[in-house]
Amino acid sequence: MDLEAFVTAFGDVAEHSPWVAENAFGKAPFADREAVINAFETAMNAASGDRQLALVRAHPDLAGKAALAGEVAEDSKREQAGAGLNTLSPEEFARFTQLNTRYKTKFGFPFIFAVKGATKHMILAAFEDRIANSAEDELATALTQIARIFRFRLEDRISK
């Protein structure tokens, strides 16, 4: 693949941030799927702090209004539905909304959790635990979660 084809195929792996795929392409040719995953993580980690923060902020709130309205990337929509976030009770939705607001107020970016394979109860527990983190620790955790999201999405698209 050339750069254009690569970005067309993988530019949406990083939520609304095709620059990650563009930078990952610099590691081509790739020996296997693992090499592509590593290139995405390397591209993210090599980015400036401002660019990393923009990447984190590009993610939707979990079970937020944008997700409910279908205004998120297809991968996010599928992943949140797989975790049951599209079928929350009114009480659960209120809890997610409260935690999203509290979290964003404290950290200035949305709560990031690689939801694939998780349940809404696991996500809520992580929310509760992580809200006590420092801003520096939480940004590092968010980037680690984004790397997991890259892995899940690339594993879905690339056979070994």
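Source: prediction; values computed, not measured.
Both L3 and V36 are assigned to one and the same hydrophobic cluster, defined by single-linkage of ILVMFWY side chains at heavy-atom distances under 4.5 Å.
The two atoms that bring A114 and F152 nearest to each other are CB-CE1, 3.7 Å, heavy atoms only. Scanning all heavy atoms of the two residues, the minimum distance from R157 to A9 falls at NH1-O, 2.9 Å. For A21 against G11, the heavy-atom pair with the smallest separation is CB-CA, 3.8 Å. Residues I131 and F107 come closest through the heavy atom pair O-CZ, 3.9 Å. Between D12 and R153, the shortest heavy-atom distance links the atoms O-NH1, 3.8 Å.
Contacts of D129 classified as side chain to side chain contact (heavy atoms under 4.5 Å, CB included), with partners at least two apart in sequence or in another chain: none. Residues passing the side chain to side chain contact (heavy atoms under 4.5 Å, CB included) test with A5, sequence neighbours excluded: M1, D2. With sequence neighbours left out, R151 forms a salt bridge (charged side-chain N to carboxylate O under 4.0 Å, His left out) with E34, E155. Looking at residues two or more places apart in sequence or on another chain, you find a side chain to side chain contact (heavy atoms under 4.5 Å, CB included) between I123 and L62, A83, L85, F96, F111, F113, V115, A118. Under the side-chain hydrogen bond (donor to acceptor under 3.5 Å, both in side chains) criterion, E4 pairs with no residue, sequence neighbours left out. Residues meeting the side-chain hydrogen bond (donor to acceptor under 3.5 Å, both in side chains) test with R51, sequence neighbours left out: none.
Side-chain contact between V20 and V13 is absent, with no heavy-atom pair separated by less than 4.5 Å. Residues E15 and I149 are not in side-chain contact: their nearest non-hydrogen atoms beyond the backbone lie 4.5 Å or more apart.
Just one of F10, F6, F25 meets the ring-ring contact (aromatic ring centres under 6.0 Å, His included) condition when paired with F30; it is F6.
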What pairs of donor and acceptor atoms, side-chain ones from residues 39-46 against any protein atom, are under 3.5 angstrom apart with sequence neighbours left out?
unit_1: T42; atom_1: OG1; unit_2: N38; atom_2: O; d: 2.9
unit_1: N45; atom_1: ND2; unit_2: E41; atom_2: O; d: 3.3

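Sorted by first and then second residue, the side chain to side chain donor-acceptor pair (under 3.5 Å) pairs involving residues 17-33 (not counting sequence neighbours) form an empty list. Listed by first and then second residue, the side chain to side chain donor-acceptor pair (under 3.5 Å) pairs that reach into residues 114-126 are E92-K120, K116-D156, sequence neighbours excluded. Screening residues 133-146 for salt bridge (Lys or Arg N to Asp or Glu O under 4.0 Å) gives R130-E138 as the qualifying pairs, with residues at least two apart or on separate chains.
In this structure, I112 CD1 and I146 CD1 are separated by 5.0 Å, a value rounded to the nearest 0.5 Å. A distance of 6.5 Å separates CD in E128 from CZ in R102, rounded to the nearest 0.5 Å. Between the OG1 atom of T141 and the CD atom of Q145 there is a distance of 7.5 Å, given to the nearest 0.5 Å. Interatomic distance, Q52 CD to L139 CG, rounded to the nearest 0.5 Å: 6.5 Å.
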